[in-house]
Each structure stands twice: as C-alpha cells, then as structure tokens.
Peer 1: 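One structure follows; several queries about it will come next.
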There are 2 protein chains.
Amino acid sequence: MTSDAPARRVTIVDVARHAQVSTTTVSKVLRNATGASAAVRARVQHSIAELGYRPYVGARGMRGRTFTIGVMLPDIRNPFFADVLAGLTEHLHGTGYQVLHGTGRNGEDIEARVTEAMVDRGMDGLVLVAPISSGAHLERIARVVPTVVVGRHGRSTLYDTVADDDHAGAHLVVAHLVGLGHRHIALIDHRETDPVRLAEMPNAVRADGYRDAMRRHGLADEIDVVSTTYTHDGGYLGASQLLARPALPTAVFAGADIVAMGMLQALAEAGLSVPADVSVAGYDNTTIAAFGPVSLTSVDQAGQQIGGHAARLLLDRIADRGTPASHIKLTPTLVARRTTAPPRVSHPPIR
Amino acid sequence: MTSDAPARRVTIVDVARHAQVSTTTVSKVLRNATGASAAVRARVQHSIAELGYRPYVGARGMRGRTFTIGVMLPDIRNPFFADVLAGLTEHLHGTGYQVLHGTGRNGEDIEARVTEAMVDRGMDGLVLVAPISSGAHLERIARVVPTVVVGRHGRSTLYDTVADDDHAGAHLVVAHLVGLGHRHIALIDHRETDPVRLAEMPNAVRADGYRDAMRRHGLADEIDVVSTTYTHDGGYLGASQLLARPALPTAVFAGADIVAMGMLQALAEAGLSVPADVSVAGYDNTTIAAFGPVSLTSVDQAGQQIGGHAARLLLDRIADRGTPASHIKLTPTLVARRTTAPPRVSHPPIR
DNA sequence: CCGGCAGTGGGTAACGTTTTTCAAATGTGT
DNA sequence: ACACATTTGAAAAACGTTACCCACTGCCGG
C-alpha cells in the first residue's frame, strides 16, 4: 500500500548497496562508461529499475553537467515563438537534454532575471529568443554558458545567432503591394529609442528594409512611418492615427501580425473594409493570420526551422565551446492572402 | 577590457576571502540569518556586489532548496494557459522564487518526462496545468514535492487543486442559447477513452454539464454530441460531420475556443454565415475570441485568477507540507458576442 | 617463467552551499 | 574584580554525483 509519508529520494548509494557494487560502478553504468562488465551492468540496471532510481540533477550539476537547455521567450502568447520552441524541442528530442523555458515578458529587468536564473541553475546551454537585453549583457551570459541568440541581428564572437532576413522580408511586402498597384504604403513601426538596440532589433531592420524597398521602387516620397509599438494596442493606435488624417494610405505594412490585428479591429470599427478600402499586410505568419476568417497576408519566418538550427548550433557549441560563432540567416517567404488587393482607385503611372 | 576566457564562477569562498570572513558568515548574510553584526554584514554585501557573486543553485539544492517553481503546461499555444501562467508569475513576483516551465505537448510520456525532470532538478514546488497523466502518477509526484493541479477535476489528499466549474460553464452556454430561442443545440466534444481520466478532465465535465442543462430545459431529446478532439482540426472535422447531415442544428457549443475556430473556418468555406445560419459558442475566452472580426461568444475562466490561487496554495504548501489539501472551484462567466443570435426560423414554444 | 597489458571494480577527493557545533569575545550584574 | 549570559564568527560535516587514480585479475608473447 502506498503511504502518505514524505518519501526520501533514492540515491546512487541505495542502488550500489542493492546491486552489491560500489557507487563508482553504478555511475559508470549510468553514463555508459567503460569499466563495467556486462554481468555487473545488468545487475545494476536491474537494481535501478527495481528501486526506481533517478539521478539527482543538482548533484550532477556540481560535477559539471545538468542536461538542461534553458530557453528564454519574450512572450508566451506570440505563436511565432511557439514555433521556434517546437523546432527546438523537436531537434533536442532523444538527446538526453531537457528543455525548460522562462518568460522575459519584454522587460529588460525581468529578462535579465530569467537568464541569470538559468545560469545560476547550471544549465548546459541557453537559447535566447528575441532578447531585448544589451549586447554587453548577452556577451556576459555567453561567456559563462554556451548560448545561441535567435531573432536578433547583432553579432558577437561569443554566441551563435539564427535570424530571419527581415530586410528581405520587408522587401517582399513592399514588392507585393507595389505589384498590386499601391504607391502610398505606410509602415507601422515599433518605436525604439536605445541607440544600441536600434540596429539589432528585427523591427528596425524591417523598417530599414521598407525604406530601402520604397526607394528602389521609386517611391521615396511616399515613405510614411507611423511609430507605435509591436502590440495589439499599438496596431489599434497606429490605425487611429492614420484615420485622423485627411487621406488614408492605400496600403499599410504592419511590422508584426499582432499589430495588423489591432489595425483590422480599428478599421472595422471605423466602418472601413479590408482590402476594399485599404490593404493590410503583417509579418510572422502566425496561426491567427492563417485562420480563414482573418486571412492576413503575412511574411513567413519558418519559426520551426529557426528553432531546429538553434538547437543544432547549441549542441555543437556545447560539444566544443571553442568553435567560432556561426550566424545563420534564413530567407523569409511571402504568404499572400485576402487582406491585400489592388487599390480601389488606381493611381496613374508617374510621368 | 573583457576577455574571451571561459570565466570561472565566483563562489562563496571568493566572497569570504575578499571580505575577510568565513564562508559561514557570508552564508548568514545571504540568507538574512542572525549571527552577523551590521558592520560585517555591510562588508560582505559590498564584496558580493564588487565580485558580482551569485549563489549557485545546484549547491543550494543539495542542502534542500532551489527557489524554483516548475510549471507544466500542456500546450504553449493556448492563450488560456498563458493567462494562468501570468497570474502565477505575478503572484510569485518578489517572493524570491523563479518560475520555469516545460511543455507536456498533450502527450502522456512527454508530460511525464517533463514532470520527472522538474523533480530531478529539485524544484521546490510544481504547478501542473491540465495534466493528462494518471491520478496515480500525479500522486507519486505530489508525494515527493509540493504540488498544485490546475484545471482538472480529480481530487487527492496529496495535492491542492484549482479548477473552473466547467459544469456551471456549460450550463451558462446552454441557458444563453436557449434564451435566444435555440432548441437543437449540438456539442463538439473531445473523445476520451480512458475511464479514469474520463471523469477528471474538463471536457468530460463540460459534456456532462451540457447534457444536464439540456435536460433541465426540457430538451433531453435534442441532446446531440459530436466527438472529435479539442483542436482546430477537431473543430473543422466536427463541422464537416454536421454539414454532411440532412439538417444542421441551429446552434453549436464548441467545447473550446480553438474548436470553435476550426468550426468557423469550415462553416465559412461551406458558404454559411454565422450567426445567421448557425450560432457558435466557444469556451475559454481566449484573446482570439475577443478579437473584433472574430467576436466569438465564449465562457471566461479567469485564467489569471486561477494562476494566482495556484501560486498562493503552493506557497502555503511549501511552507507547511502537512496542510490538508484545498480544492478551489471558480465560477466562470459568459461573454456574449456576435457569433450567437436567435435562430433564423424561431421554433414555436412547446405545448 | 616472467613482464607487461587490457579489462574490471573500488577508494577518495572534489564540486558550492547550508547547518550544526563550538570557541572566543563581548557585555552585564553583583 | 568575578561569574555568567549573549553575541559573533569559524570549523567541520553533510548533500549526491563524477573523475581521477590505483589495485587486482587473467592472459599473452617472449
């Protein structure tokens, strides 16, 4: 009969006693190390199973390894991050590593607390997804534990990076809209003041790509950036600002799907229809974008692949911490759906 | 200048040497224990700051505590779980406990691996959100580490539970639809074969509540349950099955928002409009349900509150493992939106 | 027949922290 | 000035695991 007693943990000593061998031998069996005969090995395995022994990770950690990979996610609600995580765990499945994650909640102090906590827990490797911490902080972490940074453009010799080519992604969106006949294309951007982060964060690169693409299409004069935030409310606010103007742009490039959602809501409330009155494109190709009734044109970042690459790089770096840093850049693809269409009144070609 | 050297961790010994005291004294300062004068305390604090010392959790764990709370989430994509997590971390903020989570991916083996991993890492407490493991497994865990189970109806003397009253929630939906004039109300259920889980899982309780409510409204003959799964595809499939019939019900109660989404997609593809042709209600009041263009009638479970309660119970249990198990049941509320309306052809009242 | 070698198993010392025990120093009341 | 309580700080022993080293057994070749 099972009892309610607090139950002391079974240790390697219990197994050793039960199998009539030394703890050293049990350890050898556990690690598949040489120096144990087949007979002894079998006896120890049997004892392990019978006693239900599981190695205590804290003690293992003191000897160097915890078989744990920590993943910092900025926000658990964004489906893109879920894709990355899925790719990661998929790749790590069967390697003996356990994935645990923590949320940075898009706050620099909270994010730092999470990453520090992972270091303090002796994790063998860290994956930081779209971190907002300073580059110096990232390097401080990477110096202590093998680290891969995902979805951020800053580089370092101390950690690997996997990111999407946001510049190319922005080009895809602009080209798609121009191809439909749009000229006045606005961008909803995430306001960023910190000069260091400015260059490294995806939103900044997307904004750069947008400006560059507009210029290349001869639309330099039409560049129109509205700065809010990469949130649902930010999209709502951005749409409100556009609606307050005398004339609406014919198309809007929202820097993230979540922003596009906020816009769609504001536009619907204002009685405008999409794409008849205005085209809207997002970024990330989240599940909700693909959802039929929404059907948002978006840019797909292949989050699952990104996660897979991150896992691979991290395993390499754990195996040999001296490997030079790799920087992988994936090419995004455009998924055209029903929120983008030719403008109602087509502008006459220039000249 | 910072170097690329691997950087050895600063230990309590380094701090002790720097502050010219024993490690014991440093430990006392760290834990705010008595037995250190104000002067020494200040000196140690200064050394800690100067060296950037952080206690190594693995070593602490060997002495009993890791200041870590583990949260098992079945699925990172479901916003309801994100709400629960937010409530949890909110409540735990400032307590010195760090929250780390792992995903069970709705697989019994993967879930077991995650929970075992948390135990192996010496976590101080566990929150298991909507676990699918057997009750025996849950009790085995709870015997080793303080545990709170969220969103599941089975009870035990070994762990606390926090759950929503799914029976009442189903009543709310049926009452709402009946109030609008519906009689033929179908339920999309999650098929469950395991007899033990059958009674404990939320979907089963919702189905029970639905049947009970239908009977109380004199609609026993109209009870109509379609069994698929609680996924987007499950909703799509359920809708397809209904569409294959000669006559559609006038309203459908999808057991979860994600199921409702799949249904909406299938109905839209079939050229039917909601709520004109058929009313649809969900469950969970996820973010996407509230999203304007979707505007799904749903049942709100107050995930944030649930998480808060779970955190509180867990802290109590950690403080005193002997406390008798609490079982909290929260009352859900209905959020009526635009996917439910009176049926097109109102049935005449009975008799 | 002896020296070396491969293979097997065990003893022991870490790893970084907290807890327990104890001695010294300080203060307090006659 | 003396006994005695109290405070302060240190030494040492755990916690569970692994890595390093050593001892022992057969066995092979010279």
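Within every chain, numbering begins at 1; the chains are lettered A, B, ... in the order of the sequence lines, protein sequences first and strands thereafter.
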Peer 1: Choose from C:dT17, D:dT17, D:dG9 the nucleotide whose nearest atom is closest to any side-chain atom of B:Val40.
Peer 2: D:dG9

Peer 1: Are side-chain heavy atoms of B:Arg9 and B:Tyr56 found at a separation under 4.5 Å?
Peer 2: yes

Peer 1: Looking at DNA chain C, which of residues 53-63 of chain A put a heavy atom within less than 4.0 Å of it?
Peer 2: A:Met62, A:Arg63

Peer 1: Checking A:Ser27 against A:Arg31: is there a side-chain donor and acceptor pair closer than 3.5 Å?
Peer 2: yes

Peer 1: May I have the distance from A:Phe67 (atom CZ) to D:dG16 (atom P), rounded to whole angstrom?
Peer 2: 18 Å

Peer 1: Provide, to the nearest angstrom, the distance between the NZ atom belonging to A:Lys28 and the P atom belonging to D:dA19.
Peer 2: 11 Å

Peer 1: Does B:Arg140 have any side-chain hydrogen bond (donor to acceptor under 3.5 Å, both in side chains) partners at least two apart in sequence or in another chain, and if so, which?
Peer 2: none

Peer 1: Determine the interplanar angle of the B:His101 and A:His101 rings, folded into 0 to 90°, and report it as parallel if under 30°, tilted if 30 to 60°, perpendicular if over 60°.
Peer 2: perpendicular

Peer 1: What is the distance, rounded to the nearest whole Å, between atom CG of B:Asp124 and atom C1' of C:dT17?
Peer 2: 14 Å

Peer 1: To the nearest Å, give me how far apart CZ (B:Arg43) and P (D:dA10) are.
Peer 2: 8 Å

Peer 1: Using atom CZ of B:Arg31 as one end and atom C1' of C:dT19 as the other, report the distance to the nearest whole Å.
Peer 2: 7 Å

Peer 1: Going by atom types alone, do B:His46 and B:Arg43 pair a side-chain donor with an acceptor below 3.5 Å?
Peer 2: no

Peer 1: Using a cut-off of less than 4.0 Å, is there contact between a side-chain N or O of B:Arg65 and OP1 or OP2 of C:dT17?
Peer 2: no

Peer 1: Just to be sure I understand the geometry, which residues of residues 15-27 of chain B put a non-hydrogen atom under 4.0 Å away from DNA chain C?
Peer 2: B:Thr24, B:Ser27

Peer 1: Indicate whether any N or O donor in one side chain lies under 3.5 Å from an N or O acceptor in the other, for B:Thr68 and B:Gln98.
Peer 2: no

Peer 1: For B:Arg41 and D:dT8, what is the distance between atoms CZ and P respectively, to the nearest whole Å?
Peer 2: 9 Å

Peer 1: Find out whether A:Val150 and A:Leu128 are in side-chain contact, i.e. whether some heavy atom of one side chain is under 4.5 Å from a heavy atom of the other.
Peer 2: no

Peer 1: Side chains of B:Tyr159 and B:Arg143 only: does a donor on one sit below 3.5 Å from an acceptor on the other?
Peer 2: no

Peer 1: Base, sugar-phosphate alone, or nothing: which one does A:Ala36 contact when heavy atoms must sit under 4.0 Å apart?
Peer 2: sugar-phosphate

Peer 1: For the residue pair B:Arg60 / B:Thr66, report whether a side-chain donor-acceptor contact shorter than 3.5 Å exists.
Peer 2: no

